[in-house]
Amino acid sequence: MDGVINFYKDRGDTSFGSVAKVRKILKTKKVGHTGTLDPEAEGVLPICVGKATKLVDFIMGKEKTYKAGFRLGFVSDTLDAFGEVRATGKPVPGESVVREVVSRYLGKQKQLPPM
């Protein structure tokens, strides 16, 4: 089989784990993903199979879009969305402050994924 599969990666799964699932289901070794998604991220992960693995570098060089959400005024014991959440006790900034800070992150960003 040759082609690109738009694989939906669930939160908690790794990109490598997604490739392993596709490899097992299709019973083929020539499978590759087109960019590493953080295990906490969920969304479409294009996976190339067979001769389509030659497209991996081409697809990785294209623009990507990410959507994120957040809650203000809380911190977790693990500093992420999966820990026990507790109130920080600090006041939540006003809407105008939040909009100004968020506007700094609109548009193209260079992202270095964590090791």
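Everything quoted here is computed from the prediction, not taken from an experiment. Basis for what follows: all heavy atoms, side chains included, without hydrogens, waters or symmetry-related copies.
Residues Thr53 and Gly32 come closest through the heavy atom pair CG2-N, 4.0 Å. Shown here for Leu45 and Ser18, the closest heavy-atom pair between the two residues is CD2-CB, 4.0 Å. Across every non-hydrogen atom of Gly50 and Asp2, the tightest pair is CA-OD1, 3.3 Å. Nearest approach of Lys29 to Arg23, heavy atoms of both residues: O-NE, 3.3 Å. The minimum heavy-atom distance between Met60 and Gly35, with the atom names listed, is CG-N, 4.0 Å. Smallest separation of non-hydrogen atoms from Leu55 and Cys48: CB-SG, 4.4 Å.
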**Message:** Does Phe7 form a side chain to side chain contact (heavy atoms under 4.5 Å, CB included) with Val22? I'd like the steps, not just the answer.
**Reply:** CA-CA 9 Å; Phe7 186 87; Val22 170; 3.7 Å; yes

**Request:** Please lay out, stage by stage, how Ile47 and Val31 fare under the test side chain to side chain contact (heavy atoms under 4.5 Å, CB included).
**Result:** CA-CA 7 Å; Ile47 294 181; Val31 179; 3.4 Å; yes

**Asked** How far apart are the C-alpha atoms of Val49 and Val4, what are their side-chain angles, what is the distance that settles it, and do they pass the side chain to side chain contact (heavy atoms under 4.5 Å, CB included) test?
**Response** CA-CA 6 Å; Val49 180; Val4 180; over 6 Å; no

**Request:** Begin from the C-alpha positions of Val85 and Val75 and carry the test side chain to side chain contact (heavy atoms under 4.5 Å, CB included) through to its verdict.
**Result:** CA-CA 6 Å; Val85 177; Val75 67; over 6 Å; no

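Under the salt bridge (Lys or Arg N to Asp or Glu O under 4.0 Å) criterion, Glu95 pairs with Arg99, not counting sequence neighbours. For Ser96, there are no side-chain contact (heavy atoms from CB on, under 4.5 Å) partners at least two apart in sequence or on another chain.
A donor-acceptor pair is defined here as one N or O able to donate and one able to accept, closer than 3.5 Å; such a pair exists between the side chain of Thr78 and the backbone of Gly83. Checking side-chain atoms of Lys51 against main-chain N and O of Gly3 turns up no donor-acceptor pair under 3.5 Å. At least one donor-acceptor pair under 3.5 Å links the side chain of Thr34 to the backbone N or O of Pro46. No donor-acceptor pair under 3.5 Å is formed between the side chain of Arg11 and the backbone N or O of Glu42.
Within the model, atoms CE of Met1 and CD1 of Ile5 stand 6.0 Å from one another, a figure rounded to the nearest 0.5 Å.
Taking 4.0 Å as the cut-off between side-chain N and carboxylate O, Asp13 and Lys21 count as a salt-bridged pair.
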